[in-house]
Amino acid sequence: MSAAGAGPRHAPGRQSLLDRARAAAAAVVDPELPVLTLLDLGVLRDVEVADDGAVVVAITPTYSGCPAMGAMRDDLLRELRAAGLPDARVRVALEPAWTTDWITPAGRAALAEAGISPPGAAPRRSGPVPLRLGPPRRAVRCPRCGSGDTEVTSEFGSTACKALYRCRACREPFDHVKEI
Amino acid sequence: MPDERARTTRTTRTREPDEHDNAYAGLLTDDPRWAFGTGFEDPLAGVDTTVPDGVDPADLATYCLMLGDDALVLSQRLAEWTSNAPDLEEDIAFANIALDLLGQARLLLARAAAADPTQVPALPAGSPVPDEDRLAFFRDGTALRNVRLAELPNGDFAQTVARVLLFATWRLALFEELARSRDAVLAAVAAKGVKELTYHRDFAGRWFLVLARGTEESRRRLVAGLEALWPYRAELFATHDVERAVAGAGVGVDPADVADTVDAVLDRVLETSGVERPDVPPRAGVLGRAGRDGRHTEALSLLLAEMQSVARAHPLGQW
Ligand SMILES: [Zn+2]
């Protein structure tokens with residue numbers, strides 16, 4: 001904890017504090033998809049300096065039951081401490097609800113690189129949610145061979161945010177981040 | 001409520017920058033990755049839980065318990081399918097649906113506790129159990145407000161598909177309305193829940209179709225499962241006094257108002273599947289009281305015995 005002495009009393013200025021906090025928070029990766037930072041996943045919603053001088057980071061759950069919120073909070077606090085910012089809090093931002101549209105282009109590239117098919121555009125609705133009794137209509141390309149000849153095996157996968165697919169060309173199964 | 005400063009101090013003491021060099025270092029801390037539930041963080045940390053003007057906090061809390069208990073109890077039932085479903089994909093699907101519902105339950109029970117702390121069961125001084133866990137694990141069945149449809153035993157796979165279809169269609173319709181609640185927490189939980197419930201409903205709808213059009217046996221089981229659940233369907237739309245009050249105050253939804261929407265969706269599934277709407281009468285409650293009043297079937301006490309026993313044996317337990 002070499003930088004542990006850098007508390008608010010010695011803070012060199014609010015903007016510099018904020019810059020360091022943003023840089024530290026932006027480096028934290030998702031516990032379940034470690035190829036992505038929380039920033040690229042769109043889970044990191046805000047970094048600010050509160051009136052009491054503490055860094056306050058806002059995160060939002062991907063799904064209501066996201067079991068990784070505690071791990072994200074601990075990772076953020078650890079990273080901020082390591083950056084000399086021990087006076088930090090993490091708050092939950094429930095609104096607006098997370099959408100896969102917030103995954104950044106860099107995040108989508110990182111997913112594809114890791115063999116996970118990135119999400120398409122999230123559905124936008126006005127009025128009642130239409131019932132879909134057929135298979136999901138998505139143009140999903142195999143992240144391994146690039147073929148568009150793919151089929152869904154299950155809309156629920158290894159984590160809450162993923163569906164299971166398989167490629168008819170190379171026969172490999174793969175994950176697809178489903179649009180919400 | 002957790003004390004973030006105390007936590008930070010504790011973690012600072014036990015975690016050093018070189019912790020990753022020692023595979024066992026994390027075991028000595030309260031790192032939640034080692035066991036879920038280890039870190040008791042507040043699911044509403046930093047969220048404004050002020051009760052809106054003109055709303056009775058006790059009614060708001062009770063309403064949150066109703067919606068939260070629906071999700072909690074069905075989540076526990078669906079979790080029973082883990083390692084038991086017909087194939088791995090469906091096993092994972094039920095577990096995912098259960099997890100979504102558990103997450104909704106956690107937020108709703110936490111919101112109930114914040115609105116009216118007097119409804120949270122008291123535990124011995126020094127107990128680290130957070131409010132939402134006290135509500136989940138330390139209330140008796142008569143204090144649970146879930147509809148009876150959520151607590152019935154699973155039956156077979158077809159009956160579970162039918163239940164998820166009935167439940168998710170109803171809850172999705174409720175949440176679409178609830179997303180406009182004057183209570184910011186309820187509105188946020190509902191807006192998020194709509195996205196999740198859409199996947200639940202459509203998953204169940206597709207399986208309903210597959211089983212109806214499958215073999216004679218799959219169709220027979222589906223129809224039998226639907227008939228077994230149908231008597232508990234009317235309860236979903238019976239307005240409780242508390243629901244009427246919170247709907248009037250602009251923070252809740254009167255379930256009777258979504259009956260037509262739900263019927264239209266179910267009729268489409270039934271028509272597409274060629275399954276008749278069951279002709280069985282509703283199962284009445286006791287003296288007009290049902291799940292929302294804490295009058296449950298025997299199945300709930302057995303479910304709670306399993307779900308609550310560990311927490312109750314260790315009210316001071318630090319997990
Ligand atoms: Zn392929």
So which part of [X] gets closer than 4.5 Å to some heavy atom of chain A, the side chain, the backbone, both or neither?
| X | result |
| --- | --- |
| B:Q104 | both |
| B:L88 | neither |
| B:L102 | neither |
| B:V210 | neither |

Residues, nucleotides or ligands: over 12 heavy atoms within 6.0 Å of [X] [atom1]:
| X | atom1 | value |
| --- | --- | --- |
| B:D260 | CG | no |
| A:R144 | CZ | no |
| A:E151 | CD | yes |

key: Any side-chain donor near an acceptor of the partner, A:Q15 and A:D19, under 3.5 Å   =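 Looking only at side-chain atoms, A:D19 and A:Q15 do form a donor-acceptor pair, the distance falling under 3.5 Å.
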
query = Does any donor atom in the side chain of B:S181 or B:D183 lie under 3.5 Å from an acceptor atom in the other side chain?
reply =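 No pair is found: no donor N or O on one side chain lies under 3.5 Å from an acceptor on the other.
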
Interface moiety of A:L133 toward chain B, non-hydrogen atoms closer than 4.5 Å =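 For A:L133, the contact with chain B is made by backbone and side chain together.
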
ask   = Within 45° of the axis and under 6.0 Å from the centre of the six-membered ring of A:W102, does NZ or CZ of A:R45 qualify?
value =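 So A:R45 does make the cation-pi contact.
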
inquiry  = Tell me which one of A:V35, A:L39, A:T37, A:L38 satisfies side chain to side chain contact (heavy atoms under 4.5 Å, CB included) with A:D30.
reply    =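 Testing each of A:V35, A:L39, A:T37, A:L38 against A:D30, the sole residue satisfying side chain to side chain contact (heavy atoms under 4.5 Å, CB included) is A:L38.
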
key: The single option from B:L60, B:L72, B:L108, B:L135 passing side chain to side chain contact (heavy atoms under 4.5 Å, CB included) against B:L65   =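 Testing each of B:L60, B:L72, B:L108, B:L135 against B:L65, the sole residue satisfying side chain to side chain contact (heavy atoms under 4.5 Å, CB included) is B:L135.
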
task = With a 4.5 Å cut-off on heavy-atom pairs, point out which of A:V92, A:L131, A:T99 contacts chain B the most.
result =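 When all of A:V92, A:L131, A:T99 are compared, A:L131 has the most.
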
Which one of [options] has the most heavy-atom pairs closer than 4.5 Å to chain A?
| options | result |
| --- | --- |
| B:W207, B:F208, B:F203, B:Y199 | B:Y199 |
| B:L101, B:T272, B:T198 | B:T198 |
| B:A191, B:A98, B:G103 | B:G103 |

key: Side-chain heavy atoms of A:L94 within contact of B:L44, under 4.5 Å   =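 With C-beta onward as the side chain, the pair touches.
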
Result block: side-chain N/O donor-acceptor pairs under 3.5 angstrom for residues 54-65 of chain A, not counting sequence neighbours:
residue: A:T60; atom: OG1; partner: A:A93; partner atom: O; Å: 2.5
residue: A:S64; atom: OG; partner: B:E196; partner atom: OE1; Å: 3.0
residue: A:S64; atom: OG; partner: B:E196; partner atom: OE2; Å: 3.0

ask   = Considering heavy atoms only, which positions within residues 166-180 of chain A lie below 4.5 Å of chain B?
value =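 Near chain B, by residue number: A:K178, A:E179, A:I180.
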
